[in-house]
Enquirer: 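I have a structure I would like to understand better, so I am pasting it below and will then ask my questions one at a time.
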Amino acid sequence: MGDKRESYWMDTAPATSYPPLAGDLDADVAVVGGGIAGLSTAWELSRAGRSVVVLESDRVAAGVTGYTTAKLSALHGLIYAELSKSAGEQAAALYAASQQEAVEHVAATAAQFAIDCDLERLPAYTYTESADAVGDIEAEASAARAAGLEATLVTGTGLPYGVAAAVRVENQAQFHPRKYLLGLTELMAAQGVVVHERTRVTELHEGSPCRLVTEDGHTVTARDVVVATHYPVFDRALLFARLEPRRELVVAGPIPAGSDPGGMFLTVEDDTRSVRTAPYRDSERFLIVTGERHEPGSRDAHERHQRLRAWAQDRFPGLRVTHAWSAQDNQSTDRLPYIGRFHVGGEHVHVATGFNGWGMSTGVLSGRLLAAELTGQDSPYRDLYDPRRLHPLREAASMAKLQLKVARHFVGDRLRTHADDVDDIGPDSGAVVRVGGERRAVYRDPSGQLHQLSALCTHLGCVVAFDENEKAWECPCHGSRFGTDGQVLNGPATRPLPRRD
(Lines give C-alpha, C1' and ligand atoms only; values in the text may rest on other atoms or scores of the structure.)
Protein backbone atom coordinates (compact mmCIF):
# COMPACT_ATOMS: atom_id res chain seq x y z
CA MET A 1 0.00 0.00 0.00
CA GLY A 2 3.06 2.25 0.12
CA ASP A 3 2.46 3.86 3.51
CA LYS A 4 4.92 3.81 6.38
CA ARG A 5 3.79 1.58 9.27
CA GLU A 6 5.02 3.99 11.88
CA SER A 7 3.44 6.84 13.78
CA TYR A 8 4.06 10.34 12.48
CA TRP A 9 5.27 11.39 15.94
CA MET A 10 7.87 8.62 16.04
CA ASP A 11 8.94 9.38 12.48
CA THR A 12 9.48 13.12 13.00
CA ALA A 13 11.28 13.32 16.36
CA PRO A 14 14.80 12.15 17.22
CA ALA A 15 15.54 8.84 18.90
CA THR A 16 16.69 8.82 22.52
CA SER A 17 19.61 6.97 24.09
CA TYR A 18 19.40 7.14 27.87
CA PRO A 19 21.42 4.26 29.34
CA PRO A 20 19.95 1.11 30.88
CA LEU A 21 20.24 0.76 34.65
CA ALA A 22 23.60 -0.88 35.35
CA GLY A 23 23.55 -1.10 39.15
CA ASP A 24 21.52 -0.50 42.29
CA LEU A 25 20.09 2.97 42.87
CA ASP A 26 18.32 5.06 45.55
CA ALA A 27 15.86 7.94 45.00
CA ASP A 28 13.01 9.74 46.71
CA VAL A 29 10.62 8.60 43.99
CA ALA A 30 10.89 5.87 41.35
CA VAL A 31 8.62 6.34 38.34
CA VAL A 32 7.95 3.15 36.36
CA GLY A 33 7.02 4.12 32.80
CA GLY A 34 8.35 6.85 30.53
CA GLY A 35 5.16 7.94 28.74
CA ILE A 36 3.35 11.21 29.21
CA ALA A 37 2.03 10.29 32.68
CA GLY A 38 5.37 9.08 33.99
CA LEU A 39 7.41 11.92 32.52
CA SER A 40 4.90 14.55 33.64
CA THR A 41 5.03 13.12 37.16
CA ALA A 42 8.83 13.13 37.17
CA TRP A 43 8.86 16.72 35.90
CA GLU A 44 6.47 18.00 38.57
CA LEU A 45 8.26 16.17 41.37
CA SER A 46 11.68 17.40 40.27
CA ARG A 47 10.32 20.96 40.28
CA ALA A 48 9.21 20.31 43.87
CA GLY A 49 12.75 19.31 44.86
CA ARG A 50 12.41 15.52 44.95
CA SER A 51 15.11 13.21 43.60
CA VAL A 52 13.51 11.10 40.87
CA VAL A 53 14.47 8.11 38.73
CA VAL A 54 12.47 7.16 35.63
CA LEU A 55 12.59 3.49 34.57
CA GLU A 56 11.33 2.79 31.04
CA SER A 57 11.25 -0.70 29.52
CA ASP A 58 11.90 0.62 25.99
CA ARG A 59 12.42 4.27 24.99
CA VAL A 60 10.79 7.30 26.60
CA ALA A 61 7.70 8.68 24.84
CA ALA A 62 7.87 5.75 22.42
CA GLY A 63 5.21 3.42 23.79
CA VAL A 64 1.51 4.24 23.83
CA THR A 65 2.35 7.96 24.05
CA GLY A 66 4.24 7.75 20.76
CA TYR A 67 1.16 6.46 18.94
CA THR A 68 -1.53 8.85 20.13
CA THR A 69 -3.52 11.34 18.06
CA ALA A 70 -2.19 14.02 20.46
CA LYS A 71 -5.28 16.09 21.11
CA LEU A 72 -5.05 18.26 24.22
CA SER A 73 -8.70 18.72 25.01
CA ALA A 74 -11.18 18.77 27.87
CA LEU A 75 -13.99 17.75 25.47
CA HIS A 76 -13.99 13.96 25.69
CA GLY A 77 -16.72 12.66 23.45
CA LEU A 78 -20.04 12.57 25.34
CA ILE A 79 -18.61 12.39 28.87
CA TYR A 80 -20.30 15.37 30.56
CA ALA A 81 -23.94 14.42 30.14
CA GLU A 82 -23.17 10.89 31.30
CA LEU A 83 -20.99 12.00 34.22
CA SER A 84 -23.51 14.59 35.39
CA LYS A 85 -26.18 11.91 35.48
CA SER A 86 -24.12 9.14 37.09
CA ALA A 87 -21.88 11.08 39.50
CA GLY A 88 -23.47 14.52 39.75
CA GLU A 89 -22.86 17.97 38.32
CA GLN A 90 -20.09 18.71 40.83
CA ALA A 91 -18.11 15.69 39.60
CA ALA A 92 -18.56 16.85 36.01
CA ALA A 93 -17.35 20.34 36.95
CA LEU A 94 -14.26 18.94 38.68
CA TYR A 95 -13.51 16.74 35.67
CA ALA A 96 -13.79 19.70 33.28
CA ALA A 97 -11.63 21.98 35.45
CA SER A 98 -8.88 19.38 35.92
CA GLN A 99 -8.71 18.56 32.21
CA GLN A 100 -8.75 22.20 31.10
CA GLU A 101 -6.03 23.03 33.62
CA ALA A 102 -3.89 20.30 32.02
CA VAL A 103 -4.37 21.88 28.59
CA GLU A 104 -3.30 25.27 29.93
CA HIS A 105 -0.37 23.74 31.82
CA VAL A 106 1.14 22.27 28.66
CA ALA A 107 0.75 25.56 26.81
CA ALA A 108 2.35 27.50 29.67
CA THR A 109 5.21 25.00 30.11
CA ALA A 110 6.01 24.95 26.40
CA ALA A 111 6.06 28.75 26.32
CA GLN A 112 8.07 29.19 29.52
CA PHE A 113 10.81 26.75 28.51
CA ALA A 114 10.72 27.42 24.75
CA ILE A 115 9.83 23.82 23.85
CA ASP A 116 9.09 23.77 20.11
CA CYS A 117 6.30 21.18 19.93
CA ASP A 118 3.98 22.51 17.17
CA LEU A 119 1.41 23.54 19.78
CA GLU A 120 -1.72 25.14 18.33
CA ARG A 121 -4.82 26.48 20.11
CA LEU A 122 -7.96 25.30 18.31
CA PRO A 123 -11.59 24.46 19.06
CA ALA A 124 -12.65 20.86 19.67
CA TYR A 125 -15.88 19.34 18.39
CA THR A 126 -17.99 16.29 19.17
CA TYR A 127 -20.45 15.84 16.32
CA THR A 128 -23.10 13.62 14.81
CA GLU A 129 -24.19 13.15 11.22
CA SER A 130 -27.42 11.48 12.30
CA ALA A 131 -30.59 13.42 13.04
CA ASP A 132 -31.49 10.69 15.52
CA ALA A 133 -28.50 11.58 17.71
CA VAL A 134 -28.98 15.36 17.81
CA GLY A 135 -30.58 15.07 21.26
CA ASP A 136 -27.39 13.49 22.63
CA ILE A 137 -25.30 16.35 21.24
CA GLU A 138 -27.69 18.95 22.69
CA ALA A 139 -27.48 17.27 26.10
CA GLU A 140 -23.68 17.16 25.94
CA ALA A 141 -23.41 20.84 25.00
CA SER A 142 -25.63 21.79 27.92
CA ALA A 143 -23.76 19.55 30.39
CA ALA A 144 -20.32 20.72 29.21
CA ARG A 145 -21.37 24.34 29.54
CA ALA A 146 -22.75 23.69 33.03
CA ALA A 147 -19.42 22.04 33.92
CA GLY A 148 -17.61 25.27 33.09
CA LEU A 149 -16.33 24.78 29.54
CA GLU A 150 -16.79 27.31 26.74
CA ALA A 151 -19.23 24.99 24.99
CA THR A 152 -21.78 25.89 22.33
CA LEU A 153 -24.17 23.91 20.13
CA VAL A 154 -23.46 24.41 16.41
CA THR A 155 -24.61 22.90 13.14
CA GLY A 156 -21.70 24.05 10.99
CA THR A 157 -18.02 23.06 11.18
CA GLY A 158 -14.96 23.29 8.97
CA LEU A 159 -15.30 19.63 7.94
CA PRO A 160 -15.76 18.99 4.21
CA TYR A 161 -19.03 17.18 4.93
CA GLY A 162 -22.18 18.15 6.76
CA VAL A 163 -23.07 17.39 10.35
CA ALA A 164 -26.48 17.34 12.02
CA ALA A 165 -25.17 18.95 15.20
CA ALA A 166 -21.94 19.42 17.15
CA VAL A 167 -20.63 20.55 20.52
CA ARG A 168 -17.89 23.14 20.05
CA VAL A 169 -15.51 23.95 22.92
CA GLU A 170 -13.09 26.86 22.60
CA ASN A 171 -9.47 27.16 23.77
CA GLN A 172 -8.36 23.56 23.30
CA ALA A 173 -4.99 22.52 21.87
CA GLN A 174 -3.01 20.01 19.86
CA PHE A 175 0.73 19.38 19.76
CA HIS A 176 3.57 17.04 18.82
CA PRO A 177 3.74 14.84 21.93
CA ARG A 178 7.25 13.51 21.43
CA LYS A 179 8.77 16.91 20.77
CA TYR A 180 7.14 18.19 23.94
CA LEU A 181 8.14 15.23 26.11
CA LEU A 182 11.67 14.89 24.76
CA GLY A 183 12.18 18.58 25.47
CA LEU A 184 10.81 18.09 28.97
CA THR A 185 13.04 15.05 29.53
CA GLU A 186 16.18 16.92 28.44
CA LEU A 187 15.34 19.74 30.85
CA MET A 188 14.75 17.53 33.86
CA ALA A 189 17.73 15.28 33.10
CA ALA A 190 19.87 18.42 33.17
CA GLN A 191 18.33 19.24 36.55
CA GLY A 192 19.21 15.86 38.09
CA VAL A 193 16.37 13.49 37.19
CA VAL A 194 17.88 10.09 36.35
CA VAL A 195 16.39 8.42 33.26
CA HIS A 196 17.06 4.79 32.39
CA GLU A 197 15.73 3.27 29.17
CA ARG A 198 15.68 -0.43 28.22
CA THR A 199 15.10 -1.15 31.92
CA ARG A 200 12.13 -3.40 32.56
CA VAL A 201 10.86 -3.60 36.15
CA THR A 202 9.58 -7.07 37.05
CA GLU A 203 9.14 -6.97 40.84
CA LEU A 204 7.68 -4.50 43.33
CA HIS A 205 8.20 -4.90 47.07
CA GLU A 206 6.15 -2.42 49.07
CA GLY A 207 7.39 -1.07 52.37
CA SER A 208 9.32 1.79 53.89
CA PRO A 209 11.17 2.13 51.64
CA CYS A 210 9.87 0.32 48.55
CA ARG A 211 12.10 -1.84 46.35
CA LEU A 212 11.90 -2.39 42.62
CA VAL A 213 13.78 -5.21 40.91
CA THR A 214 14.59 -5.09 37.21
CA GLU A 215 14.77 -7.84 34.63
CA ASP A 216 18.57 -7.77 34.95
CA GLY A 217 18.47 -8.15 38.74
CA HIS A 218 19.24 -4.56 39.75
CA THR A 219 17.39 -2.93 42.65
CA VAL A 220 15.97 0.58 42.93
CA THR A 221 15.08 1.69 46.46
CA ALA A 222 12.66 4.60 46.87
CA ARG A 223 10.34 6.05 49.46
CA ASP A 224 7.56 6.28 46.87
CA VAL A 225 6.83 4.45 43.62
CA VAL A 226 4.61 5.63 40.76
CA VAL A 227 3.35 2.94 38.37
CA ALA A 228 2.67 4.77 35.10
CA THR A 229 2.88 1.90 32.62
CA HIS A 230 -0.45 2.62 30.88
CA TYR A 231 -1.91 -0.70 32.07
CA PRO A 232 -0.46 -1.39 35.55
CA VAL A 233 2.22 -4.10 35.41
CA PHE A 234 1.58 -4.64 39.13
CA ASP A 235 -2.06 -4.90 40.12
CA ARG A 236 -2.43 -4.82 43.88
CA ALA A 237 -5.84 -3.16 43.47
CA LEU A 238 -7.22 -5.77 41.01
CA LEU A 239 -7.72 -3.04 38.44
CA PHE A 240 -7.67 -5.66 35.69
CA ALA A 241 -11.29 -6.32 36.72
CA ARG A 242 -12.12 -2.65 36.02
CA LEU A 243 -10.04 -1.85 32.92
CA GLU A 244 -10.97 -2.78 29.37
CA PRO A 245 -8.23 -2.51 26.71
CA ARG A 246 -9.12 -1.34 23.24
CA ARG A 247 -7.27 -0.49 20.06
CA GLU A 248 -7.89 2.03 17.31
CA LEU A 249 -6.33 2.41 13.89
CA VAL A 250 -4.80 5.55 12.41
CA VAL A 251 -4.22 6.64 8.82
CA ALA A 252 -2.50 9.90 7.96
CA GLY A 253 -1.11 11.93 5.09
CA PRO A 254 -0.75 15.44 3.64
CA ILE A 255 -3.65 17.51 2.35
CA PRO A 256 -3.73 21.03 0.88
CA ALA A 257 -3.69 23.72 3.54
CA GLY A 258 -6.94 25.05 2.12
CA SER A 259 -8.64 21.76 3.04
CA ASP A 260 -7.73 22.02 6.72
CA PRO A 261 -10.99 21.85 8.73
CA GLY A 262 -9.48 24.05 11.45
CA GLY A 263 -10.15 22.11 14.60
CA MET A 264 -10.24 18.72 16.32
CA PHE A 265 -13.26 16.55 15.57
CA LEU A 266 -14.75 13.37 17.02
CA THR A 267 -17.85 11.28 16.45
CA VAL A 268 -18.67 8.01 18.18
CA GLU A 269 -20.43 6.82 15.02
CA ASP A 270 -18.87 4.24 12.65
CA ASP A 271 -16.74 2.71 15.45
CA THR A 272 -15.44 6.21 16.16
CA ARG A 273 -13.98 8.71 13.74
CA SER A 274 -11.45 11.30 14.94
CA VAL A 275 -10.03 14.01 12.66
CA ARG A 276 -7.29 16.58 13.20
CA THR A 277 -4.36 18.05 11.28
CA ALA A 278 -0.80 19.00 12.18
CA PRO A 279 1.70 21.49 10.70
CA TYR A 280 3.47 20.08 7.65
CA ARG A 281 5.14 21.62 4.64
CA ASP A 282 4.39 24.94 2.96
CA SER A 283 0.85 24.95 1.58
CA GLU A 284 0.06 21.57 3.21
CA ARG A 285 -1.27 20.20 6.48
CA PHE A 286 -0.89 16.66 7.80
CA LEU A 287 -4.28 14.97 8.23
CA ILE A 288 -4.64 12.35 11.00
CA VAL A 289 -7.76 10.15 11.05
CA THR A 290 -8.42 7.63 13.82
CA GLY A 291 -11.16 5.05 14.22
CA GLU A 292 -12.31 1.43 13.95
CA ARG A 293 -12.25 0.75 17.68
CA HIS A 294 -11.73 -2.95 18.49
CA GLU A 295 -10.33 -5.25 21.15
CA PRO A 296 -6.71 -6.44 21.03
CA GLY A 297 -6.26 -9.66 19.07
CA SER A 298 -9.13 -8.89 16.70
CA ARG A 299 -8.58 -10.93 13.56
CA ASP A 300 -10.23 -8.38 11.29
CA ALA A 301 -7.78 -5.53 11.97
CA HIS A 302 -6.60 -5.52 8.34
CA GLU A 303 -10.17 -5.15 7.05
CA ARG A 304 -10.77 -2.41 9.60
CA HIS A 305 -7.69 -0.59 8.36
CA GLN A 306 -9.04 -0.72 4.81
CA ARG A 307 -12.41 0.67 5.95
CA LEU A 308 -10.75 3.56 7.77
CA ARG A 309 -8.54 4.35 4.78
CA ALA A 310 -11.55 4.30 2.45
CA TRP A 311 -13.52 6.57 4.80
CA ALA A 312 -10.68 9.10 5.04
CA GLN A 313 -10.12 9.19 1.29
CA ASP A 314 -13.85 9.52 0.65
CA ARG A 315 -14.25 12.43 3.08
CA PHE A 316 -10.96 14.09 2.07
CA PRO A 317 -10.66 13.44 -1.70
CA GLY A 318 -7.09 13.27 -2.92
CA LEU A 319 -5.66 12.20 0.44
CA ARG A 320 -2.46 10.22 -0.06
CA VAL A 321 -1.93 8.03 3.00
CA THR A 322 1.75 8.11 3.97
CA HIS A 323 1.59 6.76 7.54
CA ALA A 324 -0.54 4.13 9.28
CA TRP A 325 -0.35 2.95 12.88
CA SER A 326 -2.42 1.75 15.82
CA ALA A 327 -3.15 3.18 19.25
CA GLN A 328 -4.16 1.41 22.46
CA ASP A 329 -5.96 2.61 25.55
CA ASN A 330 -7.85 1.35 28.59
CA GLN A 331 -11.38 2.28 29.57
CA SER A 332 -12.43 2.20 33.21
CA THR A 333 -15.80 0.83 34.22
CA ASP A 334 -17.04 4.24 35.42
CA ARG A 335 -15.23 6.20 32.66
CA LEU A 336 -13.02 8.05 35.15
CA PRO A 337 -9.24 7.56 35.27
CA TYR A 338 -7.47 6.02 38.27
CA ILE A 339 -4.89 8.45 39.64
CA GLY A 340 -3.57 8.23 43.19
CA ARG A 341 -2.71 5.64 45.82
CA PHE A 342 -2.71 2.20 44.24
CA HIS A 343 -4.76 0.30 46.80
CA VAL A 344 -6.31 0.40 50.26
CA GLY A 345 -3.54 0.22 52.84
CA GLY A 346 -0.84 1.18 50.35
CA GLU A 347 0.93 4.31 51.53
CA HIS A 348 3.82 4.61 49.11
CA VAL A 349 2.71 3.12 45.76
CA HIS A 350 0.73 5.25 43.35
CA VAL A 351 -0.80 4.66 39.93
CA ALA A 352 -2.06 6.48 36.85
CA THR A 353 -4.17 4.49 34.38
CA GLY A 354 -7.57 4.17 32.71
CA PHE A 355 -7.33 7.28 30.53
CA ASN A 356 -10.26 6.25 28.29
CA GLY A 357 -8.60 7.46 25.09
CA TRP A 358 -7.68 10.91 26.43
CA GLY A 359 -4.12 10.29 27.56
CA MET A 360 -2.60 13.65 26.68
CA SER A 361 -4.58 15.88 29.01
CA THR A 362 -5.04 13.11 31.58
CA GLY A 363 -1.35 12.20 31.56
CA VAL A 364 -0.44 15.80 32.36
CA LEU A 365 -3.19 15.93 34.97
CA SER A 366 -1.75 12.73 36.49
CA GLY A 367 1.65 14.33 36.94
CA ARG A 368 0.20 17.35 38.69
CA LEU A 369 -2.13 15.34 40.92
CA LEU A 370 0.46 12.73 41.91
CA ALA A 371 3.09 15.37 42.63
CA ALA A 372 0.63 17.17 44.90
CA GLU A 373 -0.15 13.91 46.70
CA LEU A 374 3.51 12.94 47.16
CA THR A 375 4.49 16.38 48.46
CA GLY A 376 1.64 16.67 50.95
CA GLN A 377 -0.43 19.24 49.06
CA ASP A 378 -4.19 19.10 48.79
CA SER A 379 -6.04 18.86 45.48
CA PRO A 380 -9.75 19.30 44.77
CA TYR A 381 -9.50 16.43 42.26
CA ARG A 382 -8.09 13.74 44.55
CA ASP A 383 -11.36 12.04 45.47
CA LEU A 384 -12.72 12.13 41.92
CA TYR A 385 -9.79 10.11 40.53
CA ASP A 386 -8.94 8.02 43.62
CA PRO A 387 -8.17 4.43 42.44
CA ARG A 388 -9.58 3.09 45.71
CA ARG A 389 -13.08 4.32 44.90
CA LEU A 390 -15.78 1.81 44.12
CA HIS A 391 -19.33 2.66 43.09
CA PRO A 392 -21.19 -0.65 42.84
CA LEU A 393 -24.42 0.82 41.47
CA ARG A 394 -22.62 2.77 38.76
CA GLU A 395 -20.08 0.11 37.86
CA ALA A 396 -21.78 -3.24 38.44
CA ALA A 397 -23.14 -3.70 34.93
CA SER A 398 -19.88 -2.61 33.25
CA MET A 399 -17.76 -4.81 35.52
CA ALA A 400 -19.98 -7.84 34.92
CA LYS A 401 -19.85 -7.30 31.16
CA LEU A 402 -16.08 -6.94 31.23
CA GLN A 403 -15.52 -10.08 33.30
CA LEU A 404 -17.91 -12.06 31.10
CA LYS A 405 -15.83 -11.05 28.08
CA VAL A 406 -12.59 -12.07 29.79
CA ALA A 407 -14.08 -15.40 30.87
CA ARG A 408 -15.32 -16.03 27.34
CA HIS A 409 -11.82 -15.53 25.98
CA PHE A 410 -10.12 -17.46 28.77
CA VAL A 411 -12.31 -20.51 28.24
CA GLY A 412 -13.52 -20.22 24.66
CA ASP A 413 -10.15 -19.47 23.08
CA ARG A 414 -8.82 -22.70 24.58
CA LEU A 415 -11.46 -24.70 22.72
CA ARG A 416 -10.39 -23.65 19.25
CA THR A 417 -7.32 -23.05 17.15
CA HIS A 418 -6.98 -20.52 14.36
CA ALA A 419 -5.23 -22.85 11.89
CA ASP A 420 -5.35 -26.64 11.50
CA ASP A 421 -1.67 -27.00 10.73
CA VAL A 422 1.46 -24.87 10.47
CA ASP A 423 1.42 -25.55 6.72
CA ASP A 424 -1.74 -23.42 6.52
CA ILE A 425 0.16 -20.31 7.66
CA GLY A 426 1.35 -18.12 4.80
CA PRO A 427 4.47 -15.92 4.68
CA ASP A 428 4.48 -12.91 7.05
CA SER A 429 1.45 -14.29 8.85
CA GLY A 430 0.66 -16.02 12.12
CA ALA A 431 -1.92 -18.22 13.82
CA VAL A 432 -2.49 -20.25 16.96
CA VAL A 433 -1.98 -23.94 16.19
CA ARG A 434 -2.26 -27.00 18.41
CA VAL A 435 1.10 -28.82 18.32
CA GLY A 436 1.50 -31.97 20.43
CA GLY A 437 -1.44 -30.98 22.63
CA GLU A 438 -0.08 -27.46 23.25
CA ARG A 439 -1.38 -24.23 21.76
CA ARG A 440 1.44 -22.45 20.00
CA ALA A 441 1.65 -18.98 18.55
CA VAL A 442 3.29 -19.68 15.20
CA TYR A 443 4.58 -16.98 12.86
CA ARG A 444 6.02 -17.64 9.40
CA ASP A 445 8.39 -14.85 8.38
CA PRO A 446 8.66 -13.59 4.77
CA SER A 447 11.50 -16.04 4.07
CA GLY A 448 9.30 -18.97 5.17
CA GLN A 449 10.99 -19.70 8.50
CA LEU A 450 8.68 -20.61 11.40
CA HIS A 451 8.88 -18.92 14.81
CA GLN A 452 6.98 -20.84 17.49
CA LEU A 453 6.01 -19.51 20.92
CA SER A 454 3.70 -20.51 23.72
CA ALA A 455 0.27 -19.05 22.94
CA LEU A 456 -0.54 -18.33 26.61
CA CYS A 457 -0.11 -14.71 27.69
CA THR A 458 2.41 -14.48 30.53
CA HIS A 459 0.13 -12.09 32.43
CA LEU A 460 -2.83 -14.28 33.38
CA GLY A 461 -2.77 -17.05 30.80
CA CYS A 462 -5.28 -16.03 28.15
CA VAL A 463 -4.65 -17.26 24.60
CA VAL A 464 -3.09 -14.62 22.35
CA ALA A 465 -4.17 -13.91 18.77
CA PHE A 466 -2.20 -12.60 15.79
CA ASP A 467 -2.80 -9.07 14.55
CA GLU A 468 -2.12 -9.23 10.81
CA ASN A 469 -2.08 -5.46 10.58
CA GLU A 470 0.55 -4.93 13.30
CA LYS A 471 2.39 -8.29 12.96
CA ALA A 472 2.13 -8.82 16.70
CA TRP A 473 0.61 -11.26 19.19
CA GLU A 474 -2.08 -9.61 21.30
CA CYS A 475 -3.98 -10.71 24.40
CA PRO A 476 -7.72 -9.98 24.13
CA CYS A 477 -8.21 -10.18 27.92
CA HIS A 478 -5.98 -7.41 29.25
CA GLY A 479 -4.15 -5.99 26.23
CA SER A 480 -0.61 -7.35 26.55
CA ARG A 481 1.22 -7.35 23.21
CA PHE A 482 4.23 -9.34 22.06
CA GLY A 483 6.50 -9.25 19.02
CA THR A 484 6.84 -12.24 16.71
CA ASP A 485 9.97 -13.09 18.71
CA GLY A 486 7.88 -13.18 21.91
CA GLN A 487 9.30 -10.01 23.45
CA VAL A 488 6.87 -7.79 25.38
CA LEU A 489 5.66 -4.76 23.43
CA ASN A 490 2.96 -3.62 25.86
CA GLY A 491 2.05 -4.68 29.40
CA PRO A 492 0.62 -5.67 31.75
CA ALA A 493 2.78 -8.71 30.92
CA THR A 494 6.41 -8.33 32.03
CA ARG A 495 7.78 -11.63 30.70
CA PRO A 496 8.10 -12.70 27.05
CA LEU A 497 6.19 -15.55 25.47
CA PRO A 498 8.38 -18.68 25.90
CA ARG A 499 9.94 -20.01 22.73
CA ARG A 500 8.97 -23.44 21.42
CA ASP A 501 11.06 -25.46 19.00
Enquirer: Apply the salt bridge (Lys or Arg N to Asp or Glu O under 4.0 Å) test between Asp58 and each candidate in Arg200, Arg198, Arg481; give the one that qualifies.
Expert: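 Exactly one candidate clears the test, Arg198.
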
Enquirer: Should Arg59 and Glu197 be marked as a salt bridge (Lys or Arg N to Asp or Glu O under 4.0 Å) after you check the CA-CA gap, both sets of side-chain angles, and the distance that decides it?
Expert: CA-CA 5 Å; Arg59 298 296 190 190; Glu197 297 180 323; 2.7 Å; yes

Enquirer: Could you report the tightest heavy-atom contact between Pro245 and Pro296, atom names first, then the distance?
Expert: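 Heavy atoms of Pro245 and Pro296 come nearest at O-CD, 3.6 Å.
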
Enquirer: Keeping Ser142 on the side-chain end and Glu138 on the backbone end, is there a donor-acceptor pair under 3.5 Å?
Expert: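 Such a contact is absent between Ser142 side chain and Glu138 backbone.
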
Enquirer: Specify the closest pair of heavy atoms between Cys475 and Cys462, including all atoms of both residues, with the distance to one decimal.
Expert: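 Looking at all heavy atoms of both residues, the closest pair is SG-CB, 3.7 Å.
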
Enquirer: Quiz question: by atom type and distance under 3.5 Å, do the side chains of Asp445 and His451 form a donor-acceptor pair?
Expert: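 Asp445 vs His451: donor-acceptor pair found between side chains.
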
Enquirer: Over all heavy atoms of both residues, which pair between Thr229 and Pro232 is shortest? Give the atoms and the distance, please.
Expert: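 For Thr229 versus Pro232, the nearest heavy atoms are OG1-CA, 3.5 Å.
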
Enquirer: Measure from the side-chain N and O atoms of Trp9 to the backbone N and O of Pro177, and report whether any donor-acceptor pair falls under 3.5 Å.
Expert: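 Not at all, since once roles are kept as given, no pair shorter than 3.5 Å links the two residues.
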
Enquirer: Indicate whether any N or O donor in one side chain lies under 3.5 Å from an N or O acceptor in the other, for Thr267 and Glu129.
Expert: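 Thr267 vs Glu129: no donor-acceptor pair found between side chains.
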
Enquirer: How close do Gln99 and Ser361 get, counting heavy atoms only, and between which atoms?
Expert: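 Nearest heavy atoms, Gln99 then Ser361: OE1-OG, 2.6 Å.
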
Enquirer: Looking at Arg320, I want to see if its CZ is surrounded by more than 12 non-hydrogen atoms of other residues, nucleotides or ligands under 6.0 Å.
Expert: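 No, the 6.0 Å shell around CZ holds no more than 12 heavy atoms from other groups.
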
Enquirer: In terms of side-chain heavy atoms, does Tyr338 have a donor or acceptor partner in Asp386 at a distance below 3.5 Å?
Expert: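 Short answer, no.
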
Enquirer: Measuring only between side-chain heavy atoms, which start at C-beta, is Leu149 closer than 4.5 Å to Tyr80?
Expert: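 Heavy-atom side-chain distance check passes, below 4.5 Å.
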
Enquirer: Give the minimum heavy-atom separation between Asp467 and Arg247, together with the two atoms involved.
Expert: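 Smallest heavy-atom distance, with atoms named: OD2-NE, 4.3 Å.
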
Enquirer: Donor-acceptor pairs are to be reported for all side-chain atoms of residues 163-171 against protein atoms at under 3.5 Å, with residues two or more places apart or in another chain.
Expert:
residue : atom : partner : partner atom : Å
Arg168  : NE   : Glu170  : OE2          : 2.5
Arg168  : NH1  : Tyr125  : OH           : 2.5
Arg168  : NH2  : Glu170  : OE1          : 3.2
Arg168  : NH2  : Glu170  : OE2          : 3.3
Asn171  : ND2  : Glu150  : OE2          : 2.5

Enquirer: To the nearest 0.5 Å, tell me how far Asp329 CG sits from Thr353 OG1.
Expert: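 Separation between the atoms: 8.0 Å.
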
Enquirer: With side chain to side chain donor-acceptor pair (under 3.5 Å) as the test, pick out the partner of His176 among Asp118, Asp116, Thr12.
Expert: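 Among the candidates, only Thr12 passes.
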
Enquirer: Taking atom CD as the centre, does Glu89 end up with more than 12 heavy-atom neighbours from other residues, nucleotides or ligands that are less than 6.0 angstrom away?
Expert: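 Counting neighbours around CD of Glu89, 12 or fewer heavy atoms of other residues, nucleotides or ligands fall under 6.0 Å, so no.
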
Enquirer: Taking it one step at a time, do Arg304 and Asp271 satisfy salt bridge (Lys or Arg N to Asp or Glu O under 4.0 Å)?
Expert: CA-CA 10 Å; Arg304 289 179 176 276; Asp271 285 329; 3.4 Å; yes

Enquirer: Tell me yes or no: between the side chains of Glu56 and Tyr18, is some donor less than 3.5 Å from an acceptor?
Expert: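 Looking only at side-chain atoms, Tyr18 and Glu56 do not form any donor-acceptor pair under 3.5 Å.
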
Enquirer: Hydrogens and angles aside, do His323 and Asp11 bring a side-chain donor and acceptor to less than 3.5 Å of each other?
Expert: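 Yes, Asp11 and His323 have a side-chain donor paired with an acceptor closer than 3.5 Å.
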
